[in-house]
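Down below is the structure, laid out as structure tokens.
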Amino acid sequence: MDNVKRQWIKIIADGLAKAAEGKGIELGNIEERIIVERPPRADMGDLAFPMFPFAKDFRGAPPMIAGLVAEALGEFKAGSVKTVGPYLNAFLDRGSVAADLLKDVETEAEKYGESELLNGQKIMVEFSCPNTNKPLHLGHLRNDAIGESISRILKAAGAEVKKVNLINNRGVHICKSMLAYQKFGEGKTPESSGIKGDHLVGEFYVKFNQWSKEDDTAEAQAQEMLRQWENGDEKVRKLWEIMNGWTIDGINETYKNTGISFDTYYYESETYLSGRDEVLRGLESGAFYKDEDGSIRLDLSDIKMDTKVMLRSDGTSVYMTQDLGTAIARHEDYPFDRLIYVVGAEQEYHFKVLFHALKKLGYTWADMLYHLSYGMVNLPEGKMKSREGTVVDADDILAKLTEMAKEEIIAKDRAEAVGDVDETGGKIALAALHYFLLQVSPYKDMIFNPKESLSFNGNTGPYLQYMSARICSMLEKYEARSAEFEGAVVDSSLLVSDAEWELMKLVSSYPAQVNQAAAELNPSVIAVYLYDTAKAFSRFYHDCPILGSGDKNLTCSRVALTKAVLQVLKNGFNLVNIPFLSKM
RNA sequence: GCGUCCAUAGCUCAGCUGGAUAGAGCAUCGGCCUUCUAAGCCGAGGGUCAGAGGUUCGAAUCCUCUUGGACGUACCA
């Protein structure tokens, strides 16, 4: 389609040149000045060329110019033009465009839509980054969905992508659940209690907060435990290892259930010390300074901010210390061209400071770091608050969605056709969840309404799956009846109705959508595109009989178009982590 | 206080680097299953794109201000 566009720009430029010549006007570099747009309605044409920019040259109204150009162009092969007010609209030759497109999609198959936009670029994407004191919640699911999707999109755009996770397994908050476990745990384990490890640990974190309300030494005890941990106290370390293991196992199970994976895990417990060394080096080099209160700080007055603590006065690390160490370790492990941190918008300040600190330390690659800041997931009543117990748990929401999907399968009497109801239910749940989370632009806050968001109808993930399942079912029937269509050929000149042409245009625009999503780091571009395409197919499917078209060449041709649509849906599903279903 | 971001239909969201009559879904109302899965299709109503200026041939989109909201401004992460 890009070629087609370029070809048309040439044609229009030619027409403009001729029209200008007739009037003795000099237009300069015409091709660069031509704007290509999509007409608002399909019946107005396929490409639109506004003539406004040339009004001054011609010293006349745009509609007049459009008329002159149309006249100058006369008849030609690639299609036709029509003037619509100030616009010159082009109608492409549907048959020949369709033929090329269907061939491309078929030969490229699962690679259709991939590009070379980011060829040769090494990109590291950090996302998820859970704490090991509680299970994942809905906010993490948004983070995971964005991180995983962005990684896949960048890869599709040609980049070499490394997905990394940073486990926040160190700090007072971790000690809190450990302390509560020591006091109230009674030796419980995930096995003995039958509770998933991360949830079990989370229970003790909640318990700590209750206890600390009654006992005001609780916080101090947690601090003391952190000191013991830093000093390598054997008993504390042992408990820490056990409980971290429980949480990480539990969280990994959630990742597995959501189709999320990582190439490398980093652990804060392993990077915070190198961060500390780095800060001390920075103190020597003069990048940082020692404040009168004993802490080591970074002066931010050059970027109009205050100062920031890099290392506490007692020598222990803060979040920043650790992130400094991690970033440096990462660049050594994988000399990236870009490192994308998928982290909530509330940490924008943190990353501004982190990047600045790295630059001050002399790391030139600090310019390659990028904070992909995303908005919060809120409830209709407002923020999720753990203290008020309104946090939506990741496993709970998945289980609930899966249950609803299974009920739906049974209610529609599809259990037998589907085969494994549990598995299909789980995949439908994932589609609902991921589509819901990714259809929204990342940087915006979003509202999750438990009652209304868990829908499988309308503009949802399951709708997309449903379309692909119907396609598969139809294609299966086509194969089964292959004898009837013996000798039929694809004749793209038969695929020129408006419904078919609309689908062609959508299929052809998929590669551009992938590039846009990659350039903007925005999965919602793909999500919205998939819905538009599924919707257009649904309309076509309803209006145009395929197997019963009455003409075997027409059937064969529509099957070819349908296969192309299916391919694009499949490829797109993969980018936004929506499981493909051939039956539902 | 200062900084960053957000504001589009009753609700949840799209709207490409400014372009032709601002779009979906949900909800409401009305049609369509003897025909490829009704998790579907078609139609109706519903908008001062928060408000006011500005730039431009043209602004939901860019700039300024105002209002409302979120987040940040920790020796928490």
Side-chain angles (χ1 to χ4, degrees), chain A residues 35 37-41 44 48 50 52-53 55-56 61-62 84-87 89 129 131 168 170-173 268 291 293-297 304-306 308-314 316-320 322-323 344-350 352 373 375-376 378 380 382-383 405 408-409 411-414 417 428 432 436 439-441 443-449 452-453 455-460 462-467 469-478 481 512-513 516 519-520 524-525 527-528 531-532 535 538-539 541-549 555 558 562 583-584:
Chain A
I35 298 164
E37 281 164 16
R38 248 190 87 155
R41 286 200 324 269
M44 298 168 87
F52 302 106
K56 277 189 182 132
V84 185
Y87 293 87
N89 290 356
C129 305
N131 291 313
N168 296 306
R170 189 206 74 89
V172 204
H173 54 301
E268 191 186 329
D291 196 78
D293 62 12
S295 61
I296 298 179
R297 289 173 181 255
K304 288 181 186 160
M305 291 196 281
D306 204 3
K308 183 76 194 174
V309 171
M310 293 285 128
L311 201 62
R312 291 195 188 99
S313 47
D314 65 1
T316 60
S317 352
V318 289
Y319 179 39
M320 188 65 69
Q322 171 279 124
D323 241 1
E346 65 276 11
Q347 293 194 31
E348 268 165 22
Y349 173 78
H350 169 78
K352 221 174 254 174
S373 154
M376 296 194 153
N378 295 319
K383 272 186 79 164
E408 197 84 357
I409 292 168
K412 292 183 192 313
D413 205 20
R414 295 288 300 167
I428 293 171
F436 179 78
Q439 89 197 112
V440 181
S441 301
Y443 67 93
K444 284 191 180 173
D445 286 349
M446 65 187 290
I447 294 178
F448 175 79
N449 185 328
E452 288 167 21
S453 304
S455 164
F456 297 157
N457 300 325
N459 190 352
T460 65
Y463 171 87
L464 301 179
Q465 289 177 312
Y466 179 63
M467 283 310 134
R470 288 177 84 179
I471 291 176
C472 289
S473 148
M474 188 272 289
L475 290 177
E476 219 170 82
K477 291 202 166 96
Y478 174 73
R481 289 163 56 182
Q513 302 286 335
Q516 193 192 331
E520 293 177 10
S524 95
V525 171
V528 169
Y531 178 73
D532 288 345
K535 178 91 181 157
S538 194
R539 190 179 205 134
Y541 194 62
H542 187 265
D543 296 345
C544 306
I546 298 173
L547 300 180
S549 73
T555 292
R558 284 183 174 165
T562 303
K583 289 193 176 81
M584 75 182 273

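Below, read A as the first sequence line, B as the second, and so on, with proteins coming before strands; counting in each chain starts at 1. What you see below is based on every heavy atom in this structure, not just the backbone, and it leaves out hydrogens, waters and symmetry mates.
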Q: Have a look at A:Pro39 and say if it touches a base, only the backbone sugar-phosphate, or nothing, with a 4.0 Å heavy-atom cut-off.
A: base
Q.
Using a distance-only criterion (donor-acceptor N/O pair, under 3.5 Å, no hydrogens), is the base of B:rC75 paired with the side chain of A:Asp291?
A. no
Q: Under 4.0 Å between any heavy atoms, over every strand shown, what does A:Lys56 touch: base, sugar-phosphate, or nothing? Just pick one.
A: sugar-phosphate
Q. Under a 3.5 Å cut-off for both distances, is B:rG47 Watson-Crick or wobble paired, and to whom?
A. none
Q: Nearest whole angstrom, please: distance from the P of B:rC16 to the CD of A:Gln513.
A: 12 Å
Q | Selection from B:rA20, B:rA77, B:rA7 that lies nearest to any side-chain heavy atom of A:Tyr319 | A | B:rA77
(Q) For a side chain to side chain donor-acceptor pair (under 3.5 Å) check, start with the C-alpha distance between A:His350 and A:Asp323, then their side-chain angles and the critical distance, and finish with the verdict. (A) CA-CA 10 Å; A:His350 169 78; A:Asp323 241 1; 2.9 Å; yes
Q. Taking the side chain from A:Ser441 and the backbone from A:Tyr443, do they hold a donor-acceptor pair closer than 3.5 Å?
A. no
Q.
Could you tell me how far apart A:His350 (NE2) and B:rU4 (C1') are, to the nearest whole angstrom?
A. 16 Å
Q: Could you tell me whether A:Pro50 contacts a base, only the sugar-phosphate backbone, or nothing, with contacts defined as non-hydrogen atoms closer than 4.0 Å?
A: nothing
Q: Identify which nucleotide among B:rA39, B:rA74, B:rC57 has an atom closest to any side-chain atom of A:Lys308, counting heavy atoms from C-beta outward.
A: B:rA74
Q: Quickly work out the A:His542 NE2 to B:rG43 C1' distance and round it to whole Å.
A: 13 Å
Q: Name the nucleic acid region contacted by A:Cys544, choosing base, sugar-phosphate or nothing; use a 4.0 angstrom heavy-atom cut-off, strictly under.
A: base
Q: With heavy atoms under 4.0 Å as the rule, sort A:Glu346 into base, sugar-phosphate or nothing.
A: sugar-phosphate
Q | Any side-chain heavy-atom pair of A:Cys472 and A:Lys583 under 4.5 Å | A | no
Q) Is A:Phe436 touching bases, backbone alone, or none of the nucleic acid, heavy atoms closer than 4.0 Å? A) nothing
Q: State whether the distance check finds a donor on one side and an acceptor on the other, under 3.5 Å, for side chain A:Ser313 versus base B:rC75.
A: yes
(Q) I want to check something: taking the side chain as every heavy atom from C-beta on, are A:Ile546 and A:Thr562 in contact at a cut-off of under 4.5 Å? (A) yes
Q. Can you tell me how far C1' of B:rG43 sits from CG of A:Asp543, to the nearest Å?
A. 14 Å
(Q) For A:Thr555 and A:Ser549: C-alpha separation, side-chain torsions, deciding distance, then whether side chain to side chain donor-acceptor pair (under 3.5 Å) applies. (A) CA-CA 6 Å; A:Thr555 292; A:Ser549 73; 2.7 Å; yes
(Q) Distance check, P atoms only: B:rC49 and B:rC62, in whole angstrom units. (A) 16 Å
Q: Starting from P on B:rC36, measure out to CZ on A:Arg470 and report it in whole angstrom.
A: 9 Å
Q | Short side-chain N/O contact to B:rU73 OP1/OP2 from A:Lys352, under 4.0 Å | A | no
Q) Quantified in whole Å, what is the C1' atom distance between nucleotide B:rG23 and nucleotide B:rA60? A) 12 Å
Q | Side-chain touch A:Ile428/A:Ile409, heavy atoms, less than 4.5 angstrom | A | yes
Q. With sugar-phosphate meaning primed atoms plus P, OP1 and OP2, does A:Phe456 contact a base, only sugar-phosphate, or nothing at under 4.0 Å between heavy atoms?
A. base
Q: Choose from B:rA39, B:rA77, B:rG25 the nucleotide whose nearest atom is closest to any side-chain atom of A:Tyr531.
A: B:rG25
Q: Would you indicate what A:Glu408 reaches in the nucleic acid, counting non-hydrogen atoms under 4.0 angstrom: base, sugar-phosphate, or nothing?
A: base
Q: Grab the NZ-C1' distance between A:Lys535 and B:rA38 for me, whole Å please.
A: 13 Å
Q: Using the C1' atom as the reference point in each nucleotide, state the distance between B:rA59 and B:rC16 in Å, no decimals.
A: 16 Å
**Q.** Base of B:rU4 and ring of A:Tyr349 stacked, centres under 5.5 Å, planes under 30°
**A.** no
Q | Between A:Tyr463 and A:Phe456, ring centroids under 6.0 Å | A | no
Q: Using only side-chain N and O atoms of A:Asn457, determine if any of them is under 4.0 Å from OP1 or OP2 of B:rC26.
A: no
Q. Taking the side chain of A:Arg539 as heavy atoms from C-beta outward, which of B:rU4, B:rC42, B:rA39 is closest to it?
A. B:rC42
Q: Send over the distance from A:Met320 CE to B:rU73 C1', rounded to a whole Å.
A: 13 Å
Q: Report yes or no: do A:Tyr319 and A:Glu268 form a side-chain donor-acceptor pair below 3.5 Å?
A: no
Q) If you look at every strand shown and take non-hydrogen atoms under 4.0 Å, does A:Lys412 touch a base, only sugar-phosphate, or nothing? A) base
Q.
Applying a 4.0 Å non-hydrogen cut-off, can you work out what A:Ala48 is touching in the nucleic acid: base, sugar-phosphate, or nothing?
A. base
Q | Options B:rA77, B:rC16, B:rA14, nucleotide nearest the side-chain atoms of A:Gln516 | A | B:rC16
Q) What is the nucleic acid contact for A:Gln347, judged by heavy atoms within less than 4.0 Å: base, sugar-phosphate only, or nothing? A) base
Q. Picking from B:rC13, B:rC75, B:rC42, which would you name as closest to the side chain of A:Asp293?
A. B:rC75
Q: Give A:Ala469 one of three labels, base, sugar-phosphate or nothing, depending on what nucleic acid heavy atoms sit under 4.0 Å from its own.
A: base
Q) Reckon A:Asn89 touches a base, only the sugar-phosphate, or nothing at all at heavy-atom distances under 4.0 Å? A) base
Q.
Just to be sure I understand the rule, does A:Met44 reach a base, reach only the sugar-phosphate, or reach nothing, if contact means heavy atoms closer than 4.0 Å?
A. base
Q.
Of the listed nucleotides (B:rC36, B:rC6, B:rA77), which one gets closest to any side-chain atom of A:Tyr443?
A. B:rC6
Q | Nearest non-hydrogen partners of A:Pro86 and A:Pro62, listed with the distance | A | CB-CB, 3.5 Å
Q) Quick one: A:Gln439 CD to B:rA24 P, roughly how many Å, whole number? A) 15 Å
Q | B:rG45 and B:rG68, which share atom name C1', separated by this distance in whole Å | A | 29 Å
**Q.** Closest nucleotide among B:rC36, B:rG40, B:rA77 to the A:Leu547 side chain
**A.** B:rC36
Q) If you check the A:Ile409 side chain, which of B:rA20, B:rC41, B:rA39 turns out closest? A) B:rA39
Q | Under 3.5 Å on both distances, the Watson-Crick or G-U partner of B:rC26 | A | B:rG10
Q. Say you pick atom P in B:rC11 and the same atom in B:rU28; how far apart are they, in whole Å?
A. 16 Å
Q.
Both distances below 3.5 Å, Watson-Crick or wobble geometry, any strand: find the nucleotide opposite B:rC5.
A. B:rG69
Q. Does the pair A:Glu408 and A:Lys412 meet the rule for a salt bridge (charged side-chain N to carboxylate O under 4.0 Å, His left out), with working shown?
A. CA-CA 6 Å; A:Glu408 197 84 357; A:Lys412 292 183 192 313; 3.3 Å; yes
(Q) Can you see if the side chain of A:Ser473 gets near the phosphate of B:rC36 - specifically, an N or O under 4.0 Å from OP1 or OP2? (A) no
Q: Could you work out which one of B:rG25, B:rC76, B:rC71 sits closest to the side chain of A:Asn459?
A: B:rG25
Q) Can you find a side chain N or O atom of A:Ser373 that sits less than 4.0 Å from OP1 or OP2 on B:rC5? A) no
